[in-house]
Protein chains: 2
Amino acid sequence: MRYVISVWTEDNPGVLCRIAGLIFRRGYNVESLSVGRINGSGISRFTIVFEGDEGVLKQVTSQLKKLVEVIAVEELTNGGFVERELSLIKVESKAGERPEVFQLADVFRAHVIDVGEEGIVVEVTGDKDKINACINAFKPYGIKELACSGSVAMKRVGFNGGRK
Amino acid sequence: MRYVISVWTEDNPGVLCRIAGLIFRRGYNVESLSVGRINGSGISRFTIVFEGDEGVLKQVTSQLKKLVEVIAVEELTNGGFVERELSLIKVESKAGERPEVFQLADVFRAHVIDVGEEGIVVEVTGDKDKINACINAFKPYGIKELACSGSVAMKRVGFNGGRK
């Protein structure tokens, strides 16, 4: 099963290192890790995606909670959540090909954020499947460079944890 | 000065830990770190943003290059580059406030990706300043939750490293 968890921590230089150490040294199958500061609050928020069974989930969350910098851990998979990634894709496109490439970007609601002689850069957001579909669609033109953020996720609005 | 670097590494469970260890243990002033896998290539790409002088930049890049998993390091600040972050913002909005909140989202070209009784979730991309402006604009309604990716960056198309 694929699990997605949010982890709130103190915004402390060592914490990324300790969290990375904890989840990677033990050989968990981590698909993605992303971290962003929550402005002005002194708090960082991690989104960690990994594969495993329920035992692994329990282990990961209980070990994370033992770290002094960790404020809270929330499992998102057990209920509705939204998940997005950001990708920048540099696509080769000669002058004649541009309209096609622009239209393709439109189909994926991607934004063209740079255009040059040798190609364009598009910014696309979505879940993993959409990002992969978008990358595959641009492949025939030639992808010169790719940069992806990890998954960023949060509970849906009004989700009550499955309680009725 | 604010530096932005891209680092390509082998997609190896220990590499995030080693990179985090290297840049945080030495006390560099890191603003953001993000990492994403490049699908099917066995390669991960990091975007690291930090403050410092040219000496710090040289130290960071030379130490990164010493790690066996590191394939390449590229400094982006020395020339044109595009930089984007992704934020999910959960905004309180009662029924009557919704049109206002939706319009505000439009102004920032943010997408409403979830709506519930208690509020909405918007997805917004941009550079740090735009994201902060967007968060500040939603603050009066009440922000219930925030999740940000780190910066993702790449060289502009056709940028030739300052050579003429």
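For the numbers below, each heavy atom of this structure counts, side chains included, while hydrogens, waters and symmetry mates do not. Because the structure is predicted, anything quoted here is derived from the model rather than measured. In the text below, chain A, chain B and the rest are named by the order of the sequence lines, each starting its count at 1.
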Heavy-atom contact with chain B under 4.5 Å, split by part of A:S32: neither
Among B:S6, B:G119, B:G21, residue most engaged with chain A (heavy-atom pairs, under 4.5 Å): B:G119
Top contributor to chain A contacts, counting heavy-atom pairs under 4.5 Å, from B:E117, B:R18, B:E31, B:R109: B:E31
How long is the gap from CD on A:E145 to CZ on B:R45, to the nearest 0.5 Å? 4.5 Å
Pick whichever of B:L88, B:V82, B:V15 has the most heavy-atom pairs under 4.5 Å with chain A. B:L88
Tightest non-hydrogen contact, residues B:V35 and A:L33, listed as CG1-O, 3.8 Å
Given heavy-atom pairs under 4.5 angstrom as the criterion, report whether the side chain, backbone, both or neither of B:V152 touches chain A. both
Check A:A20 against B:C17 and note the closest heavy-atom contact, atom names and distance. CB-CA, 4.0 Å
Identify whether B:V30 and B:L22 are in the same connected component of the hydrophobic contact network (ILVMFWY, side-chain heavy atoms under 4.5 Å). yes
Does any part of the side chain of A:V121, heavy atoms only, come nearer than 4.5 Å to the side chain of B:R156, both counted from C-beta? no
Just so I understand: if I count every heavy-atom pair under 4.5 Å between each of A:S149, A:S41, A:S34 and chain B, which residue has the most? A:S149
Side chain, backbone, both or neither: which part of A:I23 has a heavy atom under 4.5 Å from chain B? neither
Just verifying a value: how many Å separate A:H111 NE2 and B:R84 CZ, rounded to the nearest 0.5 Å? 9.5 Å
If you group Ile, Leu, Val, Met, Phe, Trp and Tyr by side-chain heavy-atom gaps below 4.5 Å, do B:V73 and B:L67 land in one group? yes
For A:R98, look at atom CZ and say whether over 12 heavy atoms of other residues, nucleotides or ligands are found less than 6.0 Å away. yes
Rounding to 0.5 Å, atoms CE (A:M154) and NZ (B:K144) come to a distance of 11.0 Å
Part of A:E123 lying under 4.5 Å from any heavy atom of chain B: side chain
Is there a path of hydrophobic side-chain contacts, each under 4.5 Å between heavy atoms of I, L, V, M, F, W or Y residues, that connects A:I19 with A:W8? no
Do you know the tightest heavy-atom contact between A:I38 and B:L146? CG2-CD1, 3.7 Å
Per-residue tally against chain A (heavy atom, under 4.5 Å) across B:G36, B:A153, B:A147 peaks at B:A147
Taking side chain as C-beta onward, heavy atoms only, is B:L86 less than 4.5 Å from A:E85? no
What about B:I48 and B:M1, same hydrophobic cluster or not, with Ile/Leu/Val/Met/Phe/Trp/Tyr joined at side-chain heavy-atom distances under 4.5 Å? yes
Assert top hit (heavy-atom pairs under 4.5 Å, partner chain B, pool A:T125, A:I135, A:I43, A:I131) equals A:T125
Should we count CZ of B:R2 as having more than 12 external heavy atoms under 6.0 Å? yes
Report whether B:I143 and A:V157 are members of the same hydrophobic cluster (ILVMFWY, side-chain heavy atoms less than 4.5 Å apart, transitive linking). no
